[in-house]
Amino acid sequence: TFVTPGEPQVVLGKDKPFTFDYVFDMDSQQDSIYSNCTEKLIEGCFEGYNATIFAYGQTGSGKTYTMGTGFDVNINEEELGIIPRAISHLFRGIEERRQAATEQGRPVPEFKINAQFLELYNEEVLDLFDSTRDMEARKQKSNIKIHEDASGGIYTVGVTTRTVSSEAELLNGRERERESAQFCCDTETDNRLVNGSSEMNEFETLTAKFHFVDLAGSERLKRTGATGDRAKEGISINCGLLALGNVISALGDRSKRSTHVPYRDSKLTRLLQDSLGGNSQTVMIACISPSDRDFMETLNTLKYANRARNIKNKVMVNQDRASQQISALRTEIARLQMELMEYKTGKRMVGEDGLESINDMVHENSMLQTENNNLRVRVKAMQETIDAQRARLTQLLSDQANQTLARAGEGNEEIGNMIQNYIKEIEELRAKLLESEAVNETLRKNLSRASTRSSFYGPTSVTPSLLAPEKDATDIIGIAKKDLEKLKKKEKKKKKSDHDEGEEAEGDEEEDEMEVDSSDESDSEEEKEDFQADLANITCEIAIKQRLIDELENSQRRLHTLKQQYEQKLMMLQSKIRDTQLERDRVLQNMGSVESCTEEKAKKIKSEYEKKLNSMNKELQKLQSARKEHARLLKNQSQYEKQLKKLQQEVTEMKKTKVGLMKQMKEHQERTRATETRRNREIATLKKDHRKQEHQLRQLEAQKRQQELVLRRRAEEITALRRQVRPASGKVNRKVSLPEPLQESSPRTAAIRPQTAGATAPNGTRKYQMRTGGVYSTRTARAKWQSLERRISDIIMQRMTISNMETDMNRLLKQREELTKRREKVMRKRDKIASEDTDADRTVLSLNEEMESLTANIDYINDSIADCQANIMQMEEAKEEGDTVDVSAVISSCTLSEARVLLDHFLSMAINKGLQAAQKESQIKVMEGRLKQTEINSATQNQLLFHMLKEKAELNPELDALLGNALQGLTHINACSHSAVWFSCLASDLMKLCGETKARNKARRRTTTQMELLYANTGDPDAPPEDFSAPLLPVVESPEGHKEPAPVPYLGDRDSVAFTSSLASKTNVVGPASPAQAVRSSRAARLQCVHVAEGHTKPLLCVDSTDDLLFTGSKDRTCKVWNLVTGQEIMSLGDHPSSVVSVRYCSSLVFTVSTAYVKVWDIRDSAKCIRTLTSSGQVSQGDTCGSSSVAIPPGENQINQIALNPSGTFLYAASGNMVRMWDLRRFVSTGKLTGHLGPVMCLTVDQMGKGQDVVITGSKDHTVKMFDVVEGAQGSISATHHFDPSHQDGLEALAIHGDALFTAARDSCIKKWDLTRKQLQEQVEQAHSDLLSSLAVVPGSSAVMSGCKSGLLKFWHTDMLRALGEIRGHDSSVNDICTNSSQLFTASDDRTVKIWQVNGSLEDGLH
């Protein structure tokens, strides 16, 4: 956390800024805080404005220091807080105003200051000025009440109010406890106003309230560890601050401003009601800690303050009623005087119709005044320019004169100054002369113009040119008035006609609208068809023209190639002609020189040359004809070029018209869409009105039925009364003479009968009434519940993620603290050794190296803390962006019936969650019991070891001394929880001193020694293990007499209860097939099957694991989750549409693949599918793919495999011939990796740097491609490298080990590639006799493991792909292999997963 220099900004984490009005760093002084934040508020109090300052922040962040409520007497003046400075400023301002009034001769104002000091403790308001208050009374209920006056102001009753007159008296307060304290200061100012026109004095009374609030620090009980009263105080503080935060959210959030503001949720918010959203100038001081240990508290405080910035208060001056009335009357008098002045000056005028208006001359006058001011400014600027130029000219002339005098030898300084003054005076006179000449010229022109006018029109004639415009203007005004009256008459007539025809038009309005709508639709359809036809014609013409252009360009290219060929042939022939000429000359020379040549030779030579000449003449004729053809083609080329240009122009024009038509079509579509939406809205409103009418009809019918029922009952009652009035018959007398019990029971039955009759009336009125009373919109209620449920689940996920991140950050902080302490200890040790021993250079050097390693570890932890903080900030931003559903708004918009439905859902949800919590608690109790049993067993084993060693210590003094030291150290350790730690620390020393450490390799031994029982391991029992975390290993004797390991445990449901402490103990040593050989080589085998997980009903297809959890996917449409520590099946993830072909796990989320869907499960609370991703890039909430749908929907592809990048932020899904990319932080598809021709069957992901993933894919097209995916990359991404030579068949598995890539294909070939040089290094042909199915790198060893369809597992060295050995892993096909940090997991068609343990390195073989 740091402050941006020069900016009011706080940066949290790496790059999360918060901007406020003022930001003060750690080195800021109290004076600067007061002058920037509080000084203006104190000055506003003298003007009658309320003010509030409250400090907020976590405990220990400096609130009390900043506010100054500690009232420490010994504090320096520079460190005084806001309250002491504000009080001194207040009294200083009072004195200054009194002195100023005395000096100016005005009446001295009177000031009255009242103070209250309150404390809010456990939601009880306490009076700190009450001297009779008992400290024990704070636990009792307070008598102070909070009320609200008629204007909305808050005041308290029962609080001591002190009237103070000096600064010392006001600062003499009481100490307070650890709760929110409020210091209230009421200022009353009486200003006497002297009226000059009368002798009566008027008083203006201003009141102002200033609240200084020091809020209690927010804290977390899990960090403070408070209990008892301190815990209750913390809970009360947090409740009050939570209520304050809700008020700030309701006031600051724009979407919640129309909702209710919960001021009454807490007394703190009730006291601050004026300050938040009321009549007060409020300043919030957020105190934060710069330490990264308090990162979450700092983040919450800054978010709190950021919300408070959005609150808008309405501030006004506080006056008494008389002062307010006087000021209102005074302002009214001033307004009326101004209005009267405007009437007098002619600015306002009253028209003929009695309406006020502004005179046009006023507007013209204001415009002229503005223009005059602008001209005046320009004249002033020009005058300044002239003065500057004149001074420059004077300076130049004086310099010139001085130079002339200097040349003559007569110049000095006095003469130069005199010359300069003369020149200045001459220039000023010249300017005045020019100005007077210009004025004279203008006057002369005006005079001559006036004389010509007077001579032309006569001395007393009125110019008709002046009258003409006035006449024209009056005529135009008259015409305009007549037109205006005509328009008014027409409008009145139209209004009357509209009013008369309004009732008639209402009936036909809907029919007209339907006709207009139908005509509009037909017109729009015709226009759309015309547009489409024009667009199709233009597109066809463009295609034809484009084809012609392509043909012309091809002909040009052919012509160019022909030209080049002919030129080459011409060059070749010319060279041949030259050669023949040279040969001819040579032959002639030879013939001349050789005279003894015979005739036969000459004839022979002649015939040869004649043949050559004939052939050359023929070629020459051919070339001449070709030359003519070439010339003809050249002539045609110019025509082709002209035609090409013309066609290109036509194509461009057609494209422009096409673009224009497409724009018109788009606009037309938008218009039709708008009309369609408008019609849909109208239809919706009509439907809504229709539903309302139907609802009203139902209500009226129900009322009618109720009235009929009431009337029928009253009629029955009347008839019954009439019967009672008649004389009683004999039957009635007999009923009266019945015994008393029967008479008592008869009224009950009589009372019951009308109820049953009313309930089972034949017309069903009562039943209908019940139905109408329970009618509600189930669809709306269901939608609201779904939105609320999604919002609740999102909030739970976000909070769980943030809490996990907080836990990680706290763990890193503890590690950093421990490393810092170790570094300080090493530093002190180094300094001590360096000061005491001068020859200990080697020791100091080792200590320096240790310090460097500790510093590097601390830097690494700091980087991890920064990353964690950045992730938390990112989650907070995502939470703010994702707040699309406002829960309070949804609940407030519910009707009564919808609220009942939501309440039912909430009750069922609460019951389910409570049931799940109870189940989890019971599981926790069971696990705690098992843990205690394990601790008891461990303690028993330690005691057995101690007693055994104690017996041997009598013969070995070194062992006796070691046991004595162990006993001393054990006294400080809890025997139950830490005895295993003590045991592991002493194991190696005890084994060195033990007499059983001699090598014993007896082949057959019927009994086991004590050391074998205590230090039994999967390897040599005589060698003590390095890690003592595993429990004891039981050994079973065979009938032959040699020891055999116990049978392999199954992690299934049948045996899960039996594995509490002996899960890691039972081992199955895998060696050769022969039982005898297995017995001999059991102790030397480096690969062992330690467990088998069984529980699926069909073959397993995929497996994934961490150090604690195992995930298996099967053809039975389920994915099971196993706990590797306890050996139990935790949960089963079902409801898949088909087989689960791939599974991956990252940070509490499980990703399972079935057909074209990827289900995202959150296994933190219960097995719940929170998202469903599809191969086409769609995302849906919850589980949307039905468990019964096996067929892949259209537009989707089968997803073959998924992979996560190492940081867990991106998911890559191989579907079809491409790989879809998913951003798991937002659950959106960001793009895809393309380039394969066949389906992508396997992929793996590695990270080359921060934010850069390397994705390697293998496909059925026999190729392996590599993609570089940079953070933020979107869209389609092509491959950066293609690995050659490719395989001969489709790829099945990939594995990365450092800079090496291993690929396995169906051609039974395993290849090793160098990722840095992108080259093939090694390959193994026919690695398996059956089809290869899986590949993985063995953890902690330089070996690669491959599996095939026959169940065979082979191991290869990672350097040279040298065969290390093979074993029979399963009886059927091995479908998938995965690893964690120490184990191998193989999934097979035999419905089991085998867990293999590697002991040592496999570089020398399996045995």
Q. Can you list the steps and then say if V1254 with L1315 is a side-chain contact (heavy atoms from CB on, under 4.5 Å)?
A. CA-CA 10 Å; V1254 176; L1315 290 178; over 6 Å; no
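- Here the CG atom belonging to D1376 is positioned 11.0 Å from the CG atom belonging to L1335, to the nearest 0.5 angstrom.
- The shortest side-chain heavy-atom distance between V1219 and M1221 does not fall under the 4.5 Å cut-off.
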Which donor-acceptor pairs under 3.5 Å do the side chains of residues 1202-1209 make with protein atoms, sequence neighbours left out?
| residue | atom | partner | partner atom | Å |
| --- | --- | --- | --- | --- |
| N1205 | OD1 | G1208 | N | 3.0 |
| N1205 | OD1 | T1209 | N | 3.0 |
| N1205 | OD1 | F1210 | N | 3.0 |
| N1205 | ND2 | S1207 | OG | 3.0 |
| N1205 | ND2 | T1209 | OG1 | 3.1 |
| N1205 | ND2 | D1253 | OD2 | 3.2 |
| S1207 | OG | T1209 | OG1 | 3.1 |

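- Ring geometry, H1136 versus W1161: the interplanar angle falls from 30° to 60°, so the pair is classed tilted.
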Q: Check step by step if side-chain contact (heavy atoms from CB on, under 4.5 Å) holds for I1256 and D1246.
A: CA-CA 8 Å; I1256 300 173; D1246 198 7; over 6 Å; no
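- Without hydrogens or angle criteria, K1260 side chain to N1217 main chain gives no donor-acceptor distance under 3.5 Å.
- Using a distance-only test at 3.5 Å, with no hydrogens or angles considered, a donor-acceptor pair links the side chain of D1307 to the main chain of Q1288.
- Within 6.0 Å of CG in D1371 there are 12 or fewer heavy atoms belonging to other residues, nucleotides or ligands.
- With contacts defined as side-chain heavy-atom distances shorter than 4.5 Å, the pair Q1181/R1171 qualifies.
- Aromatic ring orientation, W1396 versus H1370: perpendicular (interplanar angle above 60°, classes split at 30° and 60°).
- With respect to T1112, the side chain to side chain donor-acceptor pair (under 3.5 Å) criterion is satisfied by exactly one of R1391, K1120, E1129, H1096: H1096.
- Residues Y1157 and S1180 form no side-chain contact, since every pair of their non-hydrogen atoms from C-beta on lies 4.5 Å or further apart.
- Considering only heavy atoms from C-beta on, I792 comes within 4.5 Å of F906 through its side chain.
- Distance alone, capped at 3.5 Å, is enough to place a donor-acceptor pair between the S1259 side chain and the P1239 backbone.
- Of the possible polar contacts, one joining the N1200 side chain to the V1240 backbone as a donor-acceptor pair under 3.5 Å is found.
- Distance check, rounded to the nearest 0.5 Å: NZ of K920 to CD1 of I924 gives 8.5 Å.
- Using a distance-only test at 3.5 Å, with no hydrogens or angles considered, a donor-acceptor pair links the side chain of T1172 to the main chain of G1182.
- Contact of the V1103 side chain with the L1110 side chain is registered, since non-hydrogen atoms from C-beta on lie closer than 4.5 Å.
- With a 4.5 Å cut-off on side-chain heavy atoms, D1108 and L1124 do not count as touching.
- A distance of 9.0 Å separates CG of L1109 from OG of S1148, quoted to the nearest 0.5 Å.
- In this structure, OG on S1373 lies 11.5 Å from CG on L1352, to the nearest 0.5 angstrom.
- Here the side chain of K1159 pairs a donor or acceptor atom with the backbone of D1135 at under 3.5 angstrom.
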Q: Could you give me the CA-CA distance, side-chain angles and deciding distance for S1381 and D1107, then say whether side chain to side chain donor-acceptor pair (under 3.5 Å) is met?
A: CA-CA 7 Å; S1381 61; D1107 289 342; 2.7 Å; yes
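- At least one donor-acceptor pair closer than 3.5 Å links the side chain of R1220 to the backbone N or O of S1176.
- Between L1100 atom CG and S1372 atom OG the span is 10.0 Å, to the nearest 0.5 Å.
- Checking side-chain atoms of K784 against main-chain N and O of E898 turns up no donor-acceptor pair under 3.5 Å.
- Considering all non-hydrogen atoms of both residues, P1099 and S1114 come closest at O-OG, 2.9 Å.
- Side-chain atoms of E1196 come within 3.5 Å of backbone N or O of S1175 as a donor-acceptor pair.
- Closest heavy-atom contact between C1242 and L1294: SG-CG, 3.7 Å.
- Smallest separation of non-hydrogen atoms from S1105 and C1378: OG-SG, 3.6 Å.
- Note that the NZ atom of K1168 and the CE atom of M1131 stand 13.5 Å from one another [nearest 0.5 Å].
- Across every non-hydrogen atom of S1229 and W1222, the tightest pair is N-CE3, 3.7 Å.
- Across all non-hydrogen atoms, the minimal contact from T1234 to M1218 is CG2-CB, 4.1 Å.
- The shortest side-chain heavy-atom distance between T1386 and M1345 falls under the 4.5 Å cut-off.
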Q: Report the C-alpha separation of I1310 and S1346 in whole Å, then their side-chain angles, then the decisive distance to 0.1 Å, and conclude whether the side-chain contact (heavy atoms from CB on, under 4.5 Å) test is met.
A: CA-CA 9 Å; I1310 300 176; S1346 61; 4.0 Å; yes
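- Proximity of F1283 to L1301: side-chain heavy atoms (C-beta onward) are separated by under 4.5 Å at one or more points.
- Judged purely by atom type and a 3.5 angstrom limit, K1312 uses its side chain to pair as donor or acceptor with the backbone of T1358.
- A perpendicular orientation is assigned to the rings of H1328 and W1356, their planes being inclined by more than 60° (bins at 30° and 60°).
- Residues I1277 and D1268 share a closest heavy-atom pair of CG2-O, 4.3 Å.
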Q: Test side-chain contact (heavy atoms from CB on, under 4.5 Å) on L1353 and L1087 and set out the steps.
A: CA-CA 11 Å; L1353 300 177; L1087 185 69; 5.7 Å; no
